[in-house]
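Reviewing the structure listed below.
No experiment lies behind these values; they were computed from the predicted model shown.
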Amino acid sequence: ALWPAAAVEVYTSKEVDAVNGTNVRLKCTFSSSSPISQNLSVTWNFQPEDLSFHEPVLYYLKESYSLPGRFKDRVTWDGNIERYDASIVVWNLQPTDNGTFTCQVKNPPDATGVVGEVRLRVVQRVPFSEIHFLAVAIGSACVLMIIVVAVVMICKHRRKKAQEKRIEAADTEL
């Protein structure tokens, strides 16, 4: 008889855009059919866009270990195993950091599951997003409303002054 193999499920953002020179949190969460083991391990690797090689980034087994390479002093563990979080932070992003990061979680006796992948794209500046557009639209609407209210108030004030003058003129005629 065949028994279904237990597996670790890994969840990541598929793509992340970040600005050159900033820091980015690469989120990796997981689920396991087994309780968290003392031997749970997390391996983060990096593959540049040219697909030339896989470079180890960070290894976690009870504590995190930065591995030699381009990310040695620029990556830190930001996960919490008890919360099923195996995330990292990459500091001081550079254009050469464009590529795919992989997050692999092993929780014996669970068999290895699908490896999570995050494609990182380092950009020079943030593109004009929908949020910026929405902020400009709301700001413009507020300014327009203030102008309309001011014009209505001025018109009412002038009408009132004109009506008072007519009443004064009528009173002086009597």
Side-chain angles (χ1 to χ4, degrees), residues 1-140:
L2 293 174
W3 296 96
V8 175
E9 301 274 340
V10 177
Y11 312 96
T12 58
S13 304
K14 298 302 174 205
E15 290 190 9
V16 174
D17 291 345
V19 178
N20 186 35
T22 63
N23 310 327
V24 67
R25 183 176 196 264
L26 299 180
K27 187 174 179 178
C28 175
T29 58
F30 63 93
S31 64
S32 178
S33 59
S34 297
I36 293 176
S37 160
Q38 288 292 330
N39 295 322
L40 182 137
S41 66
V42 178
T43 305
W44 276 91
N45 289 306
F46 173 73
Q47 185 171 25
E49 285 186 323
D50 63 9
L51 307 174
S52 55
F53 58 90
H54 280 279
E55 180 179 334
V57 174
L58 183 135
Y59 181 72
Y60 178 93
L61 177 65
K62 298 179 185 162
E63 64 180 276
S64 66
Y65 303 92
S66 290
L67 301 173
R70 77 173 83 196
F71 298 104
K72 171 72 174 138
D73 296 321
R74 294 193 305 123
V75 68
T76 54
W77 174 256
D78 198 42
N80 182 336
I81 295 303
E82 289 79 31
R83 293 187 177 191
Y84 299 88
D85 185 356
S87 304
I88 60 172
V89 174
V90 182
W91 301 86
N92 190 23
L93 291 173
Q94 302 165 9
T96 55
D97 298 337
N98 283 314
T100 302
F101 286 80
T102 59
C103 173
Q104 182 177 24
V105 180
K106 295 180 182 178
N107 186 33
D110 279 358
T112 301
V114 177
V115 174
E117 292 187 352
V118 181
R119 185 174 180 277
L120 176 65
R121 190 169 55 203
V122 179
V123 295
Q124 291 304 314
R125 63 181 167 270
V126 178
F128 195 75
S129 70
E130 296 84 22
I131 292 175
H132 292 110
F133 177 75
L134 187 60
V136 168
I138 290 171
S140 299

For [X], enumerate each residue passing the side chain to side chain donor-acceptor pair (under 3.5 Å) test, keeping only those at least two apart in sequence or located in another chain.
X: T22; result: none
X: D97; result: R74
X: S32; result: N107, D110
X: D85; result: R25, S87

Could you tell me whether the side chain of [Y] reaches within less than 4.5 Å of the side chain of [X], counting heavy atoms only?
X: T12; Y: K14; result: yes
X: V24; Y: V122; result: no
X: L58; Y: F71; result: no

P48: what forms a side chain to side chain contact (heavy atoms under 4.5 Å, CB included) with it, not counting sequence neighbours?
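By the side chain to side chain contact (heavy atoms under 4.5 Å, CB included) rule, P48 matches F46, D50, S52, F53, R70.
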
Would you please name every residue forming a side chain to side chain contact (heavy atoms under 4.5 Å, CB included) with Y59, sequence neighbours left out?
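For Y59 the side chain to side chain contact (heavy atoms under 4.5 Å, CB included) partners, ignoring immediate neighbours, are S41, T43, L61, Y65, L67.
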
Do any side-chain atoms of residues 89-96 form donor-acceptor pairs under 3.5 angstrom with protein atoms, and if so which ones, sequence neighbours left out?
from: W91; atom 1: NE1; to: T76; atom 2: OG1; distance (Å): 3.0

Check salt bridge (charged side-chain N to carboxylate O under 4.0 Å, His left out) between E49 and all other residues, then give those that pass, not counting sequence neighbours.
R119

Under the ring-ring contact (aromatic ring centres under 6.0 Å, His included) rule, collect the residues that match up with Y60, sequence neighbours excluded.
W77

Would you please name every residue forming a ring-ring contact (aromatic ring centres under 6.0 Å, His included) with F30, sequence neighbours left out?
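Scan of F30 (ring-ring contact (aromatic ring centres under 6.0 Å, His included), adjacent residues dropped) gives Y84.
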
N20 side chain to Q124 main-chain N or O, any donor-acceptor pair under 3.5 Å?
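The answer is no, because no donor-acceptor pair under 3.5 Å joins these two groups.
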
Listing request: all disulfide (SG to SG under 2.5 Å) pairs with a residue in residues 9-80, at least two apart in sequence or in separate chains.
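Every pair satisfying disulfide (SG to SG under 2.5 Å) with a residue in residues 9-80: C28-C103.
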
According to the disulfide (SG to SG under 2.5 Å) rule, which pairs have a member within residues 41-92, sequence neighbours left out?
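Qualifying pairs: none.
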
On a heavy-atom basis, the closest approach of Y11 and S31 is OH-OG, 3.2 Å

Mind listing the closest non-hydrogen atom pair of A86 and V105 along with its distance?
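A86 and V105 have their closest heavy atoms at CB-CG2, 4.4 Å.
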
